[in-house]
Structures are given as C-alpha cells and as structure tokens.
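First comes the structure, then the notes that go with it.
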Amino acid sequence: MKPVYALFDCNNCYVSCERVFQPYLRGIPIVCLSNNDGCIVARSNEAKAMGIKMGEPYFKIAAQCDRLGIAVLSSNYSLYADMSQRVMSVISECAPASEVYSIDEIFALLTGMPGNLGEYCRQVKDKVLQWTGIPVSVGIAGTKTLAKLANRLAKKSARAGGVIDLAGHPEWIDSALKRVEVGDVWGVGRRYAVRLIELGVRTAADLAEKDDKWVRREFGVVLARTAAELRGTVCHDLETQPQPRQSCCCSRSFGDATGNIEHVAEAIREFSQTAAERVRNEGLVAGHIQVFASTNRFRQDVVHGTMSASAPLAPATADGARISKVALALVRGCRTFEKGCEWTKAGVLLTDLCGKGAVKRDLFTVADSRRSDALMSAVDAVNSRFGRHCVGLGLSAPEAGWRMRRERLSPGWTTRWDELPVVR
DNA sequence: TCTGGGGTCCTAGGACCC
DNA sequence: TCTGGGGTCCTAGGACCC
C-alpha cells in the first residue's frame, strides 16, 4: 500500500500563540524575538508584507518597527511549548501514527485511511483552530519531503484554503515541483542552494530530474535521499518513537557582557543545573561535560576569545550538585580566561548520555546514592510547581547582568497561576 | 549599545591495531 | 634508495533542520 504522509505546520507559530491570549494583536503587524531580544524569529503576515526579514537582528530594525507600528514581543518559550503540546495532542488523536517533528510541525501517517484525505485534513485543521486557537496548514503526499513541499504551497496559495493534497492528485506533482525554488526544498540549505544554482539546478523539479549518482557524487548521500523523496521514493520513514537524545546543551547570550570570571562561573553554574534537569526529565545520565564561553563574534573592535574545557563524569550522572561542581571547577581551572576578554555568551554541553539503568560501574567509583536521587526528585518537584530556579544550588540574583534581556515578555498565560488572564 | 538556542547526521582524516 | 594492507574507532568540521 502506498504510504501517505500529512505535514501539519502551525502558521507563524509564535505570533499565533501570542494572539490567542491578546486578541488585539490580530490583524496588526507583529514579530517575536529570539532569546535576549536578539533576532526576529516569527512574523505575522502583515509584518512579512512590510518586508521584515526572518533572522534579522532586532537592534537594526527597532526604529523601523516603531515607525511602522509593529508590535514586538520577547520570546515566551514556556507559552509556545504549552500551546504546541495542545496542538500536537489534537492532531495525533486524528491519525493512527504521528511524529512530532518540531515545536510547530507534526507528521501524521494517513496510509490506508478511507475517503478524501484532503477533506479529512481540512476538518482536523478546523478542529485545531477551534480547540486551541492556532491556525495550521497541511501538506499531503507520498513522502515527507513532498508533504513539506505541499505544505509550503498550501501556506502561499489563496485558493488552497490551507490544505494541498498531492497524494490524492499525483497529476499536480510536476507543476508543484516547478513552482518551488531549490533552496526552499526541505534538506537543501543555503550552501547547497548556492552550489546547485551554479550547476543549473534551480527548482525542486530540476533536482528531482538529476541522476542519483551525480547528486551522490557532488553532494553526498543526504541530498541524494532528498532528491529521491522528491521523485516519490520514501527515504525518511515516520519516527513514531522519539529517539533518546545524544546530547543536551544549555547556553545563553548575556544581557550585558562581563569581564569578570565569577559572573561567567555563576551563569555556568545555573546552566549546568538546567541541563542536568533536562537530562533527568528524560531518565538519562551524562558521561561527559563541556563548558564554554565566547566573546561577541560580530564585533571587530574588541578582543576576541573562546574558552572551553571538558571532563568525563564517572560514573555517569544527572545529579545537578555533582554536575555543577564539576562545571565550576572547569571554569575556574581554565587559563584562557585570563586574557581580559568581555564575555557575552556561555554554555554547558552534556554528552555520552545513556539510560539511568545502563550506567557502567567499576570497583573504584560510587554510583549516585539514593540520597542524591531523593534530593534531585525534591528539587524537580518544587521547581515544577513554583517555577524553574525556585530552588537550586548557589542561585544567582534574578537581576544579574548576565541574564538575558526579555524586555517585552508576555505573561505565562497557560503555565503560571499568578499570570492567569483575568476576565472582567 | 544592541546579532538565538538546540539538535542531528555524514565525512574525512588521524591514531591505533594486527 | 626506500616505506603493506586492511580494519576500527574517535574527533572535528561542515552541512542540515526547527
């Protein structure tokens, strides 16, 4: 039986999440910023029409936003994650199998389902809007890559009404491929796009027509799979069971640069506990830790520097106390810190992750004790109820200069009791 | 003055082994 | 004048995704 994939994708995801709880933002241009109020990461259709570009540093267009009356919001990831969960749960109940692909996308497997799948997906889309307030678009096709492409066209087409079904209309595939630039194909990034265009491959249709051996030789096996998927050959199956992650990184840009190693250490102490908490939440432990910091890579007029230090964690652990102790020791033992740099970013990377039950032990190491497990469970319980960093080891002041800027943050409408919307 | 964060996979090259 | 062959493992770097 021919496989059928549907890709559901939230329209302007973060903007739509904000609009659910601030209806006065509907119909006006609005953008959402990345962490530290750095870059534009989401735009409403009105903002797109005004020429606001994705990924643009905010400081460069702040005045323009002001002049054009564009509403600007700091990123509120706890809101977006919560809204995402609601959308995903509605859609996943409408299909026999599904794969959450990102915060705003989910693949649903519709293989063998009876009836008009385009019509069915339109009903699911309406249900998502009614139940969560989030508008979605849908692309349906025989491979994931084609479903992505169909979704892209569904978003742009006024006639499609948010749904394009290439599985039900294989005769549309050729013209669909011709209408999509090669750089907009899922799996073709900026570098590949430049080279492909130099080689005369301009559209998805051009890429699909290329000889498999040629693509493999010039670009490797990954792009060869993408090209095959455009021809209708499934190379990327649905991953219904999320694979256990291999690494966990917590890094942040600082609100204010600092030359003080103790400030960097403070940040890293907190990031290491956040990373440990994420790893614990997934029942994993880490066997290796790396800490790093860097200066502002964009500025020409300052001393540039990077520091990085790493150490094994033996036995592997997710104990925030142990991990933050090692992290601090790594920072303080790092010589490159002595160069008089202004640090603007730091982070912690946990790797060699494995299941908690699979920890290797030897005669000379002691596994995490039951006391450590109990302590971490208590910490997680308190923080889950009262907010992250409510309790922790050596916590820093909320107003510490290294903390990220979030000057236009909306309330935690769905995740914090004290920020619930009030109905009058 | 101000430029995000968090992932994965593939490949090439070096170290090391027999 | 001259330097094997074949394999594995690890790491760094480069590409991609959202």
Side-chain angles (χ1 to χ4, degrees), chain A residues 7 9-10 12-14 31-42 53-65 72 74-77 80-81 84 88 99-107 144-145 148 151-152 182-196 215-226 229 235-236 239 242-257 271 274-275 278-279 282 288 290 292 294-302 308 310 312 342 344-353 401 403-408:
Chain A
L7 175 69
D9 188 326
C10 303
N12 311 333
C13 184
Y14 301 165
V31 297
C32 296
L33 304 178
S34 63
N35 273 341
N36 215 28
D37 292 347
C39 299
I40 310 290
V41 291
K53 296 216 174 55
M54 182 69 174
E56 187 84 335
Y58 174 56
F59 76 88
K60 288 189 180 171
I61 58 161
Q64 187 188 359
C65 289
V72 180
S74 298
S75 63
N76 185 343
Y77 281 102
Y80 311 150
S84 167
M88 300 308 170
E99 171 193 341
V100 175
Y101 177 68
S102 74
I103 194 164
D104 68 338
E105 289 167 275
I106 177 171
F107 286 104
K144 283 178 163 181
T145 305
K148 285 281 266 186
N151 187 293
R152 183 176 187 86
V182 75
D184 291 332
V185 172
W186 186 44
V188 180
R190 213 181 313 153
R191 304 289 177 116
Y192 283 3
V194 169
R195 268 187 63 207
L196 282 163
V215 180
R216 202 170 283 247
R217 192 178 61 239
E218 295 290 331
F219 294 91
V221 65
V222 178
L223 193 69
R225 285 186 199 133
T226 294
E229 285 236 322
C235 299
H236 303 297
E239 288 181 20
Q243 296 300 306
R245 66 155 103 215
Q246 300 167 23
S247 66
C248 176
C249 180
C250 178
S251 72
R252 294 278 179 281
S253 293
F254 296 160
D256 298 317
F271 300 162
T274 301
R278 287 183 196 155
V279 167
E282 295 174 32
H288 196 89
Q290 183 187 353
F292 55 90
S294 58
T295 53
N296 188 334
R297 66 185 203 277
F298 297 100
R299 284 185 56 177
Q300 307 296 324
D301 57 332
V302 297
S308 156
S310 66
E342 288 289 303
T344 55
K345 180 177 177 164
V348 173
L349 177 65
L350 298 177
T351 52
D352 290 5
L353 303 187
R403 285 196 190 284
M404 66 175 169
R405 264 187 302 276
R406 297 170 99 183
E407 285 166 3
R408 298 149 177 274

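Proteins come first, then strands; the chains are lettered A, B, ... in the order of their sequence lines, and each starts at number 1.
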I need the CD1-P distance between A:Ile103 and C:dC17, as an integer number of Å. 19 Å

Nearest whole Å is fine: how far is C:dC17 P from A:Glu239 CD? 16 Å

Any chance you could lay out the side chain to side chain donor-acceptor pair (under 3.5 Å) test for A:Ser308 and A:Gln290, step after step, and finish with the verdict? CA-CA 7 Å; A:Ser308 156; A:Gln290 183 187 353; 3.0 Å; yes

Whole-Å distance separating the CZ atom of A:Arg191 from the C1' atom of C:dC16: 11 Å

Any donor-acceptor pair under 3.5 Å linking the side chain of A:Asp104 with the backbone of A:Ser84? no

Find the distance A:Asn12:CG to C:dC18:P and express it as a whole number of Å. 15 Å

Among A:Cys250, A:Cys249, A:Ser251, which residue meets the side-chain contact (heavy atoms from CB on, under 4.5 Å) test with A:Phe271? A:Cys250

How is the base pairing of DNA chain C summarised as a dot-bracket string, given the Watson-Crick and G-U wobble criteria with both distances under 3.5 Å, [ ] for crossing and | for another strand? ....||||||||||||||

For the residue pair A:Tyr192 and A:Glu218, establish whether any side-chain heavy-atom pair is separated by less than 4.5 Å. no

Using side-chain hydrogen bond (donor to acceptor under 3.5 Å, both in side chains) as the criterion, list what pairs up with A:Arg406, not counting sequence neighbours. none

Look at the aromatic rings of A:Trp186 and A:Tyr101 and report parallel, tilted or perpendicular, splitting at 30° and 60°. perpendicular

From CZ of A:Arg190 across to P of C:dC18 the rounded distance in Å is 13 Å

Please work out if A:Phe219 contacts a base, only the sugar-phosphate, or nothing of the nucleic acid, heavy-atom cut-off 4.0 Å. nothing

Length of the CG-P vector between A:Asp104 and C:dC17, whole Å: 14 Å

Check every strand shown and say whether A:Val100 touches a base, only sugar-phosphate, or nothing at a heavy-atom separation below 4.0 Å. nothing

Regarding A:Glu105, tell me which of base, sugar-phosphate or nothing describes its non-hydrogen contacts under 4.0 Å with the strands shown. sugar-phosphate

Consider side-chain contact (heavy atoms from CB on, under 4.5 Å). Of A:Leu33, A:Asp256, A:Asn35, which one does A:Arg405 pass it with? A:Asp256

Donor-acceptor contact below 3.5 Å, side chain A:Glu99 vs main chain A:Glu239: yes

How long is the straight-line distance from NZ of A:Lys345 back to CZ of A:Phe292, given to the nearest 0.5 Å? 6.5 Å

Return a single string for nucleotides 2-12 of chain B, one symbol per nucleotide in 5' to 3' order, where B is base contact, S is sugar-phosphate-only contact and - is none, cutoff 4.0 angstrom on heavy atoms. BBBSSSSSSS-

